[in-house]
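Take this structure first; my questions come after.
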Amino acid sequence: MADSSTSTGTSKRGFASMDPQRKREIASKGGRAAHEKGTAHEFSAEEARQAGRKGGEVVSRNRDHMASIGRKGGEAVSRDREHMAMIGRKGGETVSRDRQHMSEIGREGGESRRTDLPQEAQAPQY
C-alpha cells in the first residue's frame, strides 16, 4: 500500500500536505478571527523593538550572509557615481583639515620624489 510518507517516516496529511498559498489563506483567516474576537496579541513598541533586535542578532551570526549583504550594498552604492563623488569630497575635506596628517603626506611625497630623480638632480642634503 502506497502512502505519502517522507524519508523520515512521517506521512504528510492535513495542513502539512497543503501548498504554501493555501496554508497562508487559512492562517490569515485565523488571525483575522482572533483580532475580531479580541484575543490576538498586539505588540507594544517595546516588544516589537525587542523582537526585531533578537531577530537581527540571530541573522547577524551568519557571517557569510552578512558578507553577502555588505557586498550587494557596496556594489549598489558604487554604481551611483554622484554619491561616490560626494563621499570622496567629504573624505578629502575631512583629511585636509588634519594639518599634521597633511604635513606628513607632503614630507613623504617629497622624499619619494627625491628617490625617483637621478642622483645628480637631487637637492643636496645638509
Side-chain angles (χ1 to χ4, degrees):
M1 178 169 122
D3 70 336
S4 59
S5 296
T6 63
S7 61
T8 59
T10 60
S11 63
K12 284 188 140 193
R13 300 183 311 185
F15 211 65
S17 68
M18 294 179 196
D19 67 283
Q21 180 61 35
R22 181 71 178 131
K23 290 180 193 178
R24 216 173 287 119
E25 290 171 10
I26 293 171
S28 178
K29 287 179 184 177
R32 278 195 295 273
H35 279 280
E36 288 171 11
K37 190 175 170 185
T39 58
H41 180 73
E42 300 277 342
F43 279 95
S44 69
E46 181 56 31
E47 285 176 317
R49 267 192 295 277
Q50 288 174 349
R53 191 174 300 118
K54 185 176 180 182
E57 289 170 0
V58 169
V59 168
S60 67
R61 287 188 204 126
N62 182 341
R63 304 294 291 169
D64 291 336
H65 177 67
M66 296 305 289
S68 172
I69 291 170
R71 267 192 303 278
K72 286 179 184 175
E75 289 167 2
V77 167
S78 65
R79 281 192 287 268
D80 182 348
R81 305 299 288 163
E82 183 57 35
H83 179 71
M84 295 305 289
M86 182 187 66
I87 291 171
R89 279 191 298 276
K90 281 185 176 179
E93 291 168 3
T94 301
V95 168
S96 64
R97 283 190 216 115
D98 184 347
R99 308 291 290 170
Q100 179 67 32
H101 179 69
M102 293 306 288
S103 66
E104 288 171 14
I105 290 172
R107 272 194 301 281
E108 289 171 7
E111 291 168 5
S112 70
R113 288 281 289 155
R114 268 191 237 120
T115 59
D116 292 346
L117 296 173
Q119 188 65 33
E120 60 274 1
Q122 291 183 13
Q125 304 241 340
Y126 300 105

(request) Flag the pair R71 / S68 as yes when at least one side-chain heavy-atom distance between them is below 4.5 Å, and no otherwise. (result)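 Answer yes - side chains close enough.
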(message) What's the separation between atom CZ in R22 and atom OG in S17, rounded to the nearest 0.5 Å?
(response)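 OG of S17 is found 10.5 Å from CZ of R22.
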(request) Hey, could you give me each pair passing ring-ring contact (aromatic ring centres under 6.0 Å, His included) that has a residue in residues 45-89? Not counting sequence neighbours. (result) none
(message) So M66 and R63, do their side chains get closer than 4.5 Å, heavy atoms only?
(response) no
(request) Show your reasoning for whether salt bridge (charged side-chain N to carboxylate O under 4.0 Å, His left out) applies to K54 and E47. (result) CA-CA 11 Å; K54 185 176 180 182; E47 285 176 317; over 6 Å; no
(request) Taking only Lys NZ, Arg NE, NH1 and NH2, and the carboxylate oxygens of Asp or Glu, determine whether E93 and K90 approach each other closer than 4.0 Å. (result) no
(request) Could you grab the distance from atom CE of M84 to atom CE of M86, nearest 0.5 Å is fine? (result) 10.0 Å
(message) We want to know whether R32 and S28 form a side-chain donor-acceptor pair, criterion being a heavy-atom distance below 3.5 angstrom.
(response)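 Distance-only check passes for R32 and S28.
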(request) List the atom of M18, the atom of I26, and the distance in Å for their closest heavy-atom pair. (result)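 Reported closest heavy-atom pair: SD-CD1, 3.6 Å.
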(message) Please tell me whether R24 and Q21 have a donor and an acceptor in their side chains that are separated by less than 3.5 angstrom.
(response) yes
(message) With rounding to the nearest 0.5 angstrom, report the OG to NE2 distance, S96 to H101.
(response) 9.5 Å
(message) Do H35 and E42 have side chains that approach each other closer than 4.5 Å (heavy atoms only, starting at C-beta)?
(response) yes
(request) Using a cut-off of 6.0 Å, state whether more than 12 heavy atoms not belonging to F15 lie near its atom CZ. (result)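 It does: F15 CZ has more than 12 such atoms within range.
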